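Quantities reported herein were computed from a predicted structural model and do not represent experimental measurements.
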Amino acid sequence: MCNDEKSFRDNKRISVLGSTGSIGTQTLEVAEHMGLAIDTLTAGSDVKGLYGQCRKFSPRAAALSDENAAHELKALLSDTDIKVYGGKDGVVDAAGGMVSDTAIVAISGMAAAEPMIAAAHAVPRIGMANKEAIIAAGDLLLSSIKDAGAELIPIDSEHSAIFQCLKCAPGSGAGCAGKRTLKRILLTASGGPFYGKTRKELEGVTPATALAHPTWRMGRKITIDSATLMNKGFEVIEAMRLFGVPADKIKVVVQRESIIHSMVELCDGAIIAQLAPPDMRCAIQYAITYPDRSPSLSGEVDFDALGAITFGSPDMETFPLLALAYDSAAKGGTYPAAMSAADEVAVGAFLLGKISFYGIYDIVLSVRDKIARTGDFSLDEIFEADTAARELAREMIYGK
């Protein structure tokens, strides 16, 4: 059923881990729209951003993983009752002390893992926007969240769509691998700014060109990952973890208009799709209101203006990082972790003009193959692989 905002406003509190990033700021837009109270906000070192959010939303607690930045924030907020935490342990403590109905996890990288687990022990629902930690250590993290008794709702637009579609398919809910109802997941992709281009045409791509995404408003790192299709590779692995299906049951379908956010095909040939405007606030809000719905900031799909919805196939030769992600998923072990960590460093170097567009692939492949191992590993061992991959990638790009 669709409720007005007031039905969710009364006694509803949320927390946002990673509040100054793209997903974090959009979450606060949703919270303001719905009139939700804010319990805890965390960030990395963005004192100015978090200070402004604290003044606007008056959270009970705030944290910065940079201790010096946290000291500065504490001084700036000395006239308030906001409790300020500092350092990586401080972020974990803040997450573990949250008093809210939902925690939106928008911290990027493996830095999200420990706060995520702490949050799962403190709140009944996790809205998951982090990719990297789920890709690198998804099974371990998902087990920890489940053991803590928290419910997990995905926020990536594609995984939110899959989650919603599966709720319409009897006998095939999230985590139901092998159920006879679900045949395969059809994971949609915009194709990024370079869809249809050849490898030769992309050799001189600049960061500014790669950041010009045709439909989505996202952070810089994920926008570059969309341009290389690495992001879609991450989402394949993410879907495997979240919904318990093997990679060969996940097909990437290019849908340029970004209106169909993903689909599920059932055993009888029926396909269920979720359509919505290309606006992350729709998925963020659903993670907060599920299983109910409320009018959102996202607007409506204008079918008259849209005219047509088109489909295509990804070109894995021109965009080899998507193929590399499928290969990493098949190998398992620390392959996804090493790939994800190396990609983060390589994308950062590309944005600084230190390596070329295809240099991202070269670095990720080389680092992954040097660092990764197959087998079963503990969370600490996955952290070690992540760190080793980052260090090697930096050494290869910047020297010792």
Side-chain angles (χ1 to χ4, degrees), residues 13-25 27-28 31 36-134 136-137 140-141 144-145 147-150 152 155 219 221 341 344 378-380 382-384 386-387 390:
R13 300 178 68 86
I14 70 166
S15 296
V16 188
L17 305 182
S19 64
T20 61
S22 176
I23 295 296
T25 55
T27 299
L28 292 176
L36 304 177
I38 305 299
D39 179 73
T40 300
L41 298 174
T42 80
S45 59
D46 186 358
V47 177
K48 182 179 179 181
L50 189 54
Y51 171 73
Q53 291 174 348
C54 287
R55 287 295 182 186
K56 183 173 183 176
F57 294 99
S58 300
R60 181 189 57 80
L64 286 163
S65 60
D66 183 311
E67 290 195 27
N68 292 330
H71 287 307
E72 184 179 346
L73 181 66
K74 188 172 185 178
L76 290 169
L77 295 175
S78 60
D79 62 324
T80 74
D81 294 327
I82 299 172
K83 185 172 183 179
V84 178
Y85 296 80
K88 293 180 180 179
D89 290 342
V91 171
V92 174
D93 290 341
M98 292 187 299
V99 183
S100 57
D101 301 282
T102 300
I104 304 299
V105 180
I107 300 172
S108 62
M110 283 297 290
E114 291 180 291
M116 190 189 312
I117 293 171
H121 286 275
V123 303
R125 177 178 295 179
I126 302 292
M128 178 59 64
N130 172 280
K131 291 181 185 296
E132 297 86 357
I134 294 296
L140 293 172
L141 290 177
S144 296
I145 291 169
D147 290 345
L152 187 146
I155 284 179
K221 198 268 181 182
E344 188 168 340
S378 68
L379 189 57
D380 285 343
I382 292 171
F383 269 114
E384 290 170 5
D386 176 274
T387 300
R390 291 173 192 276

For this session: Using the side chain to side chain contact (heavy atoms under 4.5 Å, CB included) rule, take Val123 and Thr102 through it: C-alpha gap first, then chi angles, then the decisive distance, then the call.
Result: CA-CA 6 Å; Val123 303; Thr102 300; over 6 Å; no
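- The salt bridge (Lys or Arg N to Asp or Glu O under 4.0 Å) pairs that include a residue from residues 103-116 number zero, where partners must be two or more places apart or lie in different chains.
- Side chain of Asp66 to main chain of Gly44: no donor-acceptor pair is present (N/O by atom type, distance under 3.5 Å, no hydrogens or angles).
- Remark: Ile23 CD1 to Ile104 CD1 distance equals 9.5 Å, nearest 0.5 Å.
- The closest side-chain heavy-atom distance from Met116 to Leu17 is not below 4.5 Å.
- Phe57 contributes atom CZ, which lies 4.5 Å from atom CG of Leu28 (distance to the nearest 0.5 angstrom).
- More than 12 heavy-atom neighbours from other residues, nucleotides or ligands sit within 6.0 angstrom of CG on Asp147.
- Counting only residues at least two apart or in different chains, side-chain hydrogen bond (donor to acceptor under 3.5 Å, both in side chains) contacts with residues 45-62 comprise Ser19-Gln53, Glu32-Lys56, Asp39-Arg60, Thr40-Arg60, Tyr51-Arg55, Arg55-Asp79.
- Between Lys221 and Glu344, none of the side-chain N atoms (NZ, or NE/NH1/NH2) sits under 4.0 Å from a carboxylate O, so this pair counts as no salt bridge.
- Looking only at distances, no side-chain donor or acceptor of Asp386 sits under 3.5 Å from a matching main-chain atom of Ala341.
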Problem set entry | Working for side chain to side chain contact (heavy atoms under 4.5 Å, CB included), residues Met110 and Thr387 | CA-CA 9 Å; Met110 283 297 290; Thr387 300; over 6 Å; no
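- Shown are Leu36, Asp101, Ile38; of these, the side-chain contact (heavy atoms from CB on, under 4.5 Å) with Arg13 is made only by Asp101.
- Here Leu64 contributes atom CG and Leu73 contributes atom CG; the two are 5.5 Å apart, rounded to the nearest 0.5 Å.
- Here the CG-NE2 distance, from Leu76 to His71, works out to 13.0 Å after rounding to the nearest 0.5 Å.
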